[in-house]
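Beneath this line is the structure, given in structure tokens, with notes to follow.
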Amino acid sequence: MSRHVAIVTDSTAYLPPRTMERHGITAVPLTVVLGDRALEEGTEISTRSLAQALQKRRPVTTSRPSPELFARTYREVAESGATGIVSLHLSAELSGTYDAALLAAKEAPVPVRVVDTGMIAMALGFCAVAAAEAAEAGGSVDEAVTAAEKRAAGTSAYFYVDTLEYLRRGGRIGTAQALFGSALAVKPLLQLDGGRIGPLEKVRTASRAIARLEEIAAERAGAAPVDIAVHHLAAADRASALAERLRARVPGLAELHVSEVGAVIGAHTGPGLLGVVVASR
């Protein structure tokens, strides 16, 4: 067996499968509760099923992985030859996933460093890749953590949603703010700020909001080397078009990923989501 530092993350990183395989990254799934059924993200519920449930106003909630699932994952990773594990997760402001991982780490057979990245989606995914690359270069657990934290510090995430209603239902944004947005019929732009999803700008129409999202991402990228991810939920055409416009506008673009978010983020944003993650290299 090879001896190495292994990287564990969670399903909200939305890393491409080929990237996870190439770097040996393991993702622990969060759960989506649809009515009375608990379904693992990524394997047991599709984004199409989620979108249909949301549109029909069926009750949809999400929950963290159990500490037992993390413990089992850490054991399996250790049995594969890992001498240490870096476990990187979505913002603790948005989920109890980090806390569940901390509980499991206490009983792990090898040292585990659990990190609250303050990120989500490919903002988290880019951190996991940075940690994996550091480990592949022979880095220690501490060096892999440092690489992830450095990547997080240089990463920004921006989101467009058709409505704030889903964020309000999930408790991710205040009721007053959601009602205010609905009353004015504005299209909100949001950002990840301090591990929380917060308001960025309010724009009057969807087309203007998406154009503004593009401008903000391009300005944030500047001319320095960056990786970009464009996320969507049930908006593939809009996401592809946005990605191609960013490809033309960002001179330092290294990698560009376009992907649909999974059911956990989708449950809180609703169909029509567009997100852009900009990660400095």
Problem - Main-chain N/O of P188 paired to K202 side chain as donor or acceptor, under 3.5 Å - result: no
Handout entry: Pairwise distance CG(L124) to CG(L15) - rounded to 0.5 angstrom
Key = 7.0 Å
Exercise for the section: Take E255 and R281, measure what salt bridge (Lys or Arg N to Asp or Glu O under 4.0 Å) needs, and give me the verdict at the end. Expected result: CA-CA 10 Å; E255 291 188 13; R281 285 208 157 208; 3.4 Å; yes
Practice task
Assess whether atom CZ of R196 is packed by more than 12 heavy atoms of other residues, nucleotides or ligands within 6.0 Å.
Solution key: no
Practice task
Start with the C-alpha distance between E41 and Y14, add both sets of side-chain angles, then the distance that settles side-chain hydrogen bond (donor to acceptor under 3.5 Å, both in side chains), and finish with yes or no.
Solution key: CA-CA 10 Å; E41 181 177 43; Y14 302 132; 2.4 Å; yes
Practice task
Check whether any side-chain N or O of T9 sits under 3.5 Å from a backbone N or O of L88 as a donor-acceptor pair, and report yes or no.
Solution key: yes
Problem - Check: S140 main-chain N/O paired with E143 side-chain donor or acceptor under 3.5 Å - result: yes
Problem - Side-chain donor or acceptor of D227 paired with backbone N/O of A279 under 3.5 Å - result: no
Handout entry: salt bridge (Lys or Arg N to Asp or Glu O under 4.0 Å) between E21 and R18, worked out
Key = CA-CA 5 Å; E21 183 177 356; R18 64 184 181 278; over 6 Å; no
Handout entry: For R208, all residues meeting salt bridge (charged side-chain N to carboxylate O under 4.0 Å, His left out), sequence neighbours excluded
Key = none
Problem - Check: T117 side chain, H89 main-chain N or O, donor-acceptor pair, under 3.5 Å - result: yes
Fill in the blank from the handout: In L189, L200, L190, L192, the residue satisfying side-chain contact (heavy atoms from CB on, under 4.5 Å) with Y158 is L200
Handout entry: For S156, all residues meeting side-chain hydrogen bond (donor to acceptor under 3.5 Å, both in side chains), sequence neighbours excluded
Key = R220
Exercise for the section: Answer yes or no: does atom CD of E215 have more than 12 heavy-atom neighbours from other residues, nucleotides or ligands under 6.0 Å? Expected result: yes
Exercise for the section: Begin from the C-alpha positions of E93 and D116 and carry the test side chain to side chain contact (heavy atoms under 4.5 Å, CB included) through to its verdict. Expected result: CA-CA 9 Å; E93 296 283 351; D116 171 13; 5.8 Å; no
Practice task
Report the C-alpha separation of T83 and H4 in whole Å, then their side-chain angles, then the decisive distance to 0.1 Å, and conclude whether the side-chain hydrogen bond (donor to acceptor under 3.5 Å, both in side chains) test is met.
Solution key: CA-CA 6 Å; T83 55; H4 62 282; over 6 Å; no
Practice task
Verify the distance criterion only: is there a donor paired with an acceptor across the side chains of T12 and D10 at less than 3.5 Å?
Solution key: yes
